[in-house]
Visitor: 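I have a structure here, written as structure tokens, and I will follow up with some questions on it.
Keep in mind that the numbers below use all heavy atoms, side chains included, and drop hydrogens, waters and symmetry copies.
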Amino acid sequence: MLLIGKNWRLSASQKVSDADTLLDVLLKNRGITEGQSAEQFLAEDDGIWYDPFLYNDMRKAVDIINATMDRHGKILVYGDYDCDGVTATSILVRYFKSHQVNVEYIVPHRAEHGYGLTEKIMDKVIEIGPDLVITVDCGVTNIDTVQELKSRGILVIITDHHNVKDELPAADCVICAKRADNTYPFKDLCGAGVALKLVEALGKDGTHKVTGNIWRQAVELAGIATIADLVSVTNENRTIIKRAFKSMKNPSNLGVGVMNDMLLSPGKALDETFISFNFVPRINAAGRLYDSTDALKLFLENDPSEAAKAAQDLTKENDERKEIEAKVFDEARAQLENPARPDRWSLTNTCGPIVVYGKDWHQGVLGIVAGKLSQYYGRSALVFTDDATEPGCAKGSGRAFGDFDLYECLERISDKLVNFGGHKKAAGLLVRKSEMGLFMETLENEAAKIIREKGQSGEESDDDKLEVECEIMPGGLNFDSYHEVSKLRPFGIGNPKPVFVTHDLIVANIAQMSAGAHIRMDLTDAEGSVSLSAVGFGMGDYFNVIRAGDKIDIAYTINEYCYRGETSLSLHLEDIRLKADGGFMWQKADIAEKLYTSGLAMSQIAKMAPGEDIVGSMKPTPEIYGACYKAIERFGGTSMSTVDIGFLARLVSNNYDVAVTPFQVMRCLEVFADCRLIRLRMINPTRACFNIITAGDKVKLSDSEVYRRIQGE
């Protein structure tokens with residue numbers, strides 16, 4: 001059970017009642033107010049575009065490539081196994097093949113070779129015997145292997161977009177905007193974006209021109225990769241994506257056309273959402289489970305039937321990836337929630353990242369599962385399995401939750417690690433299996449120290465914040481507003497899809513979708529003059545909290561929904577707030593809880609809460625204890641639940657016909673924990689994490705010291 005609200009942060013205080021002013025508000029929130037800037041930002045197929053020769057070493061790289069092509073030398077393009085690396089590889093290979101160049105390519109195997117130009121694949125690189133190696137989406141940190149290639153007389157051009165170390169590789173050229181002496185105006189192109197600029201530079205040079213068809217293919221692939229790699233959708237990236245979508249209306253790359261025909265159902269928009277959730281996972285699945293052969297074949301194939309087969313194979317691999325991912329996620333959850341899990345490692349007794357290990361879990365899904373666990377439990381997570389190439393070691397992938405700096409924590413305990421890398425939000429690491437217990441203990445201690453040092457109490461984390469553009473009045477929610485919002489596409493990092501709020505809506509109807517995983521609500525305003533449809537994906541637990549007739553505030557994005565030729569407006573919910581009709585114990589539940597936990601007696605709190613009394617709204621009755629336990633048993637089961645106490649109080653009241661306040665529910669949870677009926681951890685004064693412990697004999701609550709103290713007040 002997951003019932004947690006977010007902290008809404010409005011960028012603009014004004015209330016928008018129609019579409020006419022909405023676009024101005026959105027542009028102002030993004031700092032786009034000058035005429036030329038706004039015109040560029042909103043342009044359909046034009047925008048910011050830089051000369052590729054502004055890159056360090058670009059002129060030299062073009063000269064080296066031209067010379068190699070002129071003497072019919074062999075060129076090896078070395079990429080990465082994800083969507084960015086595969087598309088970048090395809091961009092260069094397509095260009096070279098258009099000039100009948102002797103070109104080969106390598107994309108490493110994730111489990112066998114690891115990321116980048118590693119020692120584990122050098123034999124294969126050298127065996128090919130290239131005159132020139134061009135890396136794409138990797139290479140900028142591979143100091144030793146680049147040096148080895150150079151020592152063998154092989155020319156090396158690095159094209160990359162990742163962070164550099166103190167030392168650059170001794171390559172002939174390093175085209176990367178993250179180098180300290182960078183001269184390129186925009187630092188956030190993806191790997192395929194850099195490959196696109198290299199092809200552009202080769203074409204501008206004029207020695208070996210770029211045909212219109214090859215250029216359009218390169219733009220399409222770079223646009224897909226820019227969305228896939230989660231780089232900033234601003235500046236030149238925005239122009240690349242727009243030009244890609246324009247070209248993809250009639251795709252030049254056969255594989256792109258085949259994939260669109262297969263996945264893009266009638267009425268569905270070709271946009272960044274389609275690319276992110278339908279196209280990209282299929283490309284990434286190949287590299288996660290096997291190697292990227294099928295993904296490269298899709299983009300490099302000229303035979304329609306072979307391209308179609310590659311697309312079908314990628315879909316099968318993606319389906320397999322989802323099955324493996326779901327299995328690992330379920331096994332990880334079972335491990336975390338197993339009553340036999342030692343108390344010291346339970347979610348209720350730790351504050352640092354949760355750690356799970358499976359001997360045979362697939363390495364390709366560790367990061368995805370870590371991210372899902374992080375969101376599911378509201379905790380940073382590390383997922384380990386046996387490393388395929390380092391005997392005696394476990395390979396892990398981690399994802400941070402909220403404001404916790406995962407990289408810093410690992411850096412502090414690096415003496416307990418064989419290797420690690422990453423950044424604040426995500427990390428990869430290697431730990432000796434014989435030292436896993438010591439690693440977990442050190443990790444927990446250091447995480448607790450960081451939380452104390454930085455005040456990362458969990459009361460407000462990055463994941464609790466919801467950035468909201470403005471409030472829209474119910475009458476302003478129509479297709480005119482949707483079309484104004486759509487002018488800001490493509491959305492992504494740096495230009496997020498706008499989230500809005502609307503207050504005081506009435507729930508006319510609420511229904512479950514997809515076996516209870518999602519909810520759909522029909523909403524109206526107080527006058528009944530507006531009818532709206534809203535969908536809450538992954539919000540199925542709210543079905544037991546919200547009833548028809550409830551008054552709510554919602555945070556949402558505006559979308560359109562097409563079904564059987566009919567198009568309607570659909571609000572996709574980001575958060576729901578129920579209007580609290582009760583007194584102090586509802587309106588100021590957090591204050592009441594803080595006062596109690598600070599040691600203030602109920603009688604003293606009651607004096608500060610007009611209209612409240614100890615018996616009616618503070619002390620649980622036997623009926624409330626019973627209803628509360630039945631609710632968490634029925635809706636949470638033995639799984640770990642994370643809830644805001646106000647939502648839990650509503651759930652109890654709605655399903656067991658008993659009047660209960662958040663304060664009373666909190667006292668019930670404390671008693672249940674004292675009786676060892678549940679494991680309980682308070683994340684903040686009004687948010688709890690708990691799960692039921694399978695009990696044998698019945699427990700008398702009156703035997704609990706906490707129960708007696710509460711009843712005695």
Visitor: Minimum heavy-atom separation for L314 and A295, please, with both atom names.
Guide: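 Nearest pair, atom of L314 first, then A295: CD2-N, 3.7 Å.
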Visitor: Give, for atom CD1 of I275 and atom CD1 of I227, the distance between the pair rounded to the nearest 0.5 Å.
Guide: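 The CD1 atom of I227 is 5.5 Å from CD1 of I275, to the nearest 0.5 Å.
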Visitor: When you measure from the side chain of S292 to the backbone N and O of A286, does any donor-acceptor pair fall under 3.5 Å?
Guide: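 No; judged by distance alone, with no hydrogens or angles, the pair does not exist.
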Visitor: Would you tell me whether D386 and Y357 have side-chain atoms, one donor and one acceptor, within less than 3.5 Å of each other?
Guide: yes
Visitor: For the residue pair D188 and H161, confirm or rule out a side-chain donor-acceptor distance under 3.5 Å.
Guide: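 Side-chain D/A pair, D188 to H161: absent.
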Visitor: Do E390 and N419 touch side chain to side chain, with heavy atoms closer than 4.5 Å?
Guide: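 A side-chain contact is absent here, since even the closest heavy-atom pair is not under 4.5 Å.
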Visitor: Can you name the closest pair of heavy atoms from C173 and I64 and give their distance?
Guide: SG-CD1, 3.7 Å
Visitor: Please examine the side chains of V136 and V77, heavy atoms only from C-beta on, and report whether any two atoms are closer than 4.5 Å.
Guide: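 They are in contact (side-chain heavy atoms under 4.5 Å apart), so the answer is yes.
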Visitor: Does T145 use its side chain to pair, donor to acceptor, with the backbone of L117 at less than 3.5 Å?
Guide: yes
Visitor: Whether the R179 and N182 side chains hold a donor-acceptor pair (N or O, under 3.5 Å, no angle test) is what I'd like checked.
Guide: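 No - no donor-acceptor pair under 3.5 Å links their side chains.
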Visitor: Between E331 and K327 (salt bridge meaning N to carboxylate O under 4.0 Å), is one present in this structure?
Guide: yes
Visitor: Report the relative orientation of the aromatic rings in F299 and F279; use parallel for angles under 30°, tilted for 30 to 60°, perpendicular for over 60°.
Guide: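 F299 and F279: parallel rings.
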Visitor: Can N495 and T234 be counted as having a side-chain donor-acceptor contact under 3.5 angstrom?
Guide: no
Visitor: What's the verdict on salt bridge (Lys or Arg N to Asp or Glu O under 4.0 Å) for K178 and D160, showing C-alpha distance, side-chain angles and the deciding distance?
Guide: CA-CA 9 Å; K178 300 293 175 61; D160 204 347; over 6 Å; no
Visitor: Which heavy atom in L198 sits nearest to a heavy atom in I134, and how many Å separate them?
Guide: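 The pair with the smallest heavy-atom distance is CD2-CG2, 4.4 Å.
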Visitor: Has H99 got a side-chain atom pairing as donor or acceptor with V101's backbone, closer than 3.5 angstrom?
Guide: no
Visitor: Are the side chains of R238 and Q40 in contact, using a 4.5 Å heavy-atom criterion?
Guide: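 In short, these two side chains do not touch, never coming nearer than 4.5 Å.
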Visitor: Can S305 and D303 be counted as having a side-chain donor-acceptor contact under 3.5 angstrom?
Guide: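 There is such a pair between these side chains.
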Visitor: How many angstroms lie between atom CD1 of I493 and atom CG of L230, to the nearest 0.5 angstrom?
Guide: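 If we round to the nearest 0.5 Å, I493:CD1 and L230:CG are 5.0 Å apart.
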Visitor: Within a reach of under 6.0 Å around CG of D70, are more than 12 heavy atoms found that belong to other residues, nucleotides or ligands?
Guide: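 Yes - once you tally the heavy atoms of other residues, nucleotides and ligands closer than 6.0 Å, there are more than 12.
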Visitor: With no hydrogens and no angle check, do the side chains of K497 and N559 hold a donor and an acceptor under 3.5 Å apart?
Guide: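 Short answer, yes.
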Visitor: Examine distances only and state if a side-chain atom of D229 and a backbone atom of D84 form a donor-acceptor pair shorter than 3.5 Å.
Guide: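 Side chain of D229 to backbone of D84, a donor-acceptor pair under 3.5 Å: no, none is there.
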Visitor: List the steps, then state whether salt bridge (Lys or Arg N to Asp or Glu O under 4.0 Å) holds for K60 with D172.
Guide: CA-CA 8 Å; K60 185 179 179 183; D172 296 276; 5.1 Å; no
Visitor: For residues R282 and T315, is any side-chain donor paired with an opposing acceptor at under 3.5 Å?
Guide: yes
Visitor: Let me confirm one number: the CZ-CZ distance from R59 to F53, rounded to the nearest 0.5 Å.
Guide: 4.5 Å
Visitor: Output yes when D51 and K204 qualify as a salt bridge under the 4.0 Å nitrogen-oxygen rule, no when they do not.
Guide: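 Salt bridge present between D51 and K204.
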Visitor: Taking the side chain as every heavy atom from C-beta outward, state whether T135 and I157 have any atom pair closer than 4.5 Å.
Guide: no
Visitor: Under a 3.5 Å distance rule, please check whether E220 uses its side chain to pair with a backbone N or O of N253 as donor and acceptor.
Guide: yes
Visitor: Under the 3.5 angstrom rule, does the side chain of H518 hit a backbone N or O of G538 as a donor-acceptor pair?
Guide: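 A pair under 3.5 Å: yes.
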Visitor: Using a distance-only test with no angle check, is there a side-chain donor-acceptor pair under 3.5 angstrom linking N102 and H72?
Guide: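 There is no such pair between these side chains.
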Visitor: So that I can tick it off, tell me whether R321 and E325 are bridged by a salt bridge, with the cut-off set at under 4.0 angstrom between side-chain N and carboxylate O.
Guide: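 Result for this pair is yes, salt bridge flagged.
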Visitor: I'd like to know whether CG of D166 has more than 12 heavy-atom contacts from other residues, nucleotides or ligands below 6.0 angstrom.
Guide: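 It does not: D166 CG has 12 such atoms or fewer within range.
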Visitor: Atom NZ of residue position K246 - does it have more than 12 heavy atoms of other residues, nucleotides or ligands inside 6.0 Å?
Guide: no
Visitor: Does the ring of W215 carry R243 above it, NZ/CZ under 6.0 angstrom from centre and within 45° of its axis?
Guide: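 The answer is no, since R243 fails at least one limit relative to W215.
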Visitor: Would Y184 and I175 count as a side-chain contact (heavy atoms from CB on, under 4.5 Å) if you check the C-alpha gap in whole Å, the side-chain angles of each, and the deciding distance to 0.1 Å?
Guide: CA-CA 10 Å; Y184 196 71; I175 300 172; over 6 Å; no
Visitor: Which heavy atom of Y78 sits nearest a heavy atom of C138, and at what distance?
Guide: CD2-SG, 3.8 Å
Visitor: Between V485 and T557, does the side-chain contact (heavy atoms from CB on, under 4.5 Å) criterion hold? Intermediate values first, please.
Guide: CA-CA 10 Å; V485 171; T557 61; over 6 Å; no
Visitor: Between atom CD1 of I154 and atom CD of E148, what is the distance when rounded to the nearest 0.5 Å?
Guide: 8.5 Å
Visitor: Side chains of V107 and D80: closer than 4.5 Å at any heavy-atom pair?
Guide: no
Visitor: Between K242 and A43 (side chain of the first, backbone of the second, donor and acceptor by atom type, cut-off under 3.5 Å), is there such a pair?
Guide: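 The answer is yes, because a donor-acceptor pair under 3.5 Å joins these two groups.
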Visitor: State, yes or no, whether a side-chain contact exists between Q363 and D387 at a heavy-atom distance under 4.5 Å.
Guide: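 Contact flag for Q363/D387 side chains = yes.
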Visitor: Once rounded to the nearest 0.5 Å, what's the spacing between atom CD1 of I32 and atom CG of L42?
Guide: 7.5 Å
Visitor: Taking R71 first and then D131, would you say they form a salt bridge - that is, a charged N and a carboxylate O separated by under 4.0 Å?
Guide: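 No salt bridge links R71 with D131.
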Visitor: Are the side chain of T385 and the backbone of W361 linked by a donor-acceptor contact shorter than 3.5 Å?
Guide: yes
Visitor: What distance separates N56 CG from L168 CG, expressed to the nearest 0.5 Å?
Guide: 9.0 Å
Visitor: Knowing that exactly one of V210, N66, I65 qualifies, which makes a side-chain contact (heavy atoms from CB on, under 4.5 Å) with D205?
Guide: N66
Visitor: Would you call K309-D294 a salt bridge at under 4.0 Å N-O?
Guide: no
Visitor: Check the side chains of E200 and Y50 for a donor-acceptor pair under 3.5 angstrom, ignoring hydrogens and angles.
Guide: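 There is no such pair (donor and acceptor under 3.5 Å, judged by atom type) between the side chains of Y50 and E200.
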Visitor: I'd like to check S397 versus V383 (side-chain heavy atoms, cut-off strictly below 4.5 Å). Are they in contact?
Guide: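 Side chain of S397 against side chain of V383, heavy atoms only: no contact under 4.5 Å found.
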Visitor: Looking only at side chains, do E560 and T567 share a donor and an acceptor under 3.5 Å apart?
Guide: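 Not at all, the side chains of E560 and T567 share no donor-acceptor pair under 3.5 Å.
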Visitor: What heavy-atom pair brings V233 and G492 nearest, and what distance separates the two atoms?
Guide: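 So the two residues come closest at CG2-CA, 3.6 Å.
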Visitor: Backbone N or O of N237 within a donor-acceptor pair of the N235 side chain at under 3.5 Å?
Guide: no
Visitor: If the test is side-chain contact (heavy atoms from CB on, under 4.5 Å), which one of T226, I91, L196, T89 qualifies with L221?
Guide: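 Single pass found, and it is I91.
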Visitor: How are the rings of Y407 and F420 set relative to one another: parallel (under 30°), tilted (30 to 60°) or perpendicular (over 60°)?
Guide: tilted
Visitor: For a quick test of reading the model, state the closest non-hydrogen atom pair linking F491 to E272 and the distance between them.
Guide: N-OE2, 3.1 Å
Visitor: Under the criterion side-chain contact (heavy atoms from CB on, under 4.5 Å), I'd like the reasoning laid out for Y81 against D137: C-alpha separation, chi angles, the key distance, then a yes or no.
Guide: CA-CA 10 Å; Y81 42 69; D137 193 33; over 6 Å; no
Visitor: May I have the step-by-step check of side-chain contact (heavy atoms from CB on, under 4.5 Å) for Q375 and F401, ending in yes or no?
Guide: CA-CA 7 Å; Q375 291 303 311; F401 182 82; 4.1 Å; yes
Visitor: So do the side chains of L296 and E301 get within less than 4.5 Å of each other, counting heavy atoms only?
Guide: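 Heavy-atom side-chain distance check fails, nothing below 4.5 Å.
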Visitor: Is N284 reaching over with its side chain to a backbone N or O of C83, donor-acceptor style, under 3.5 angstrom?
Guide: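 Pair found, side chain donor or acceptor close to backbone of C83.
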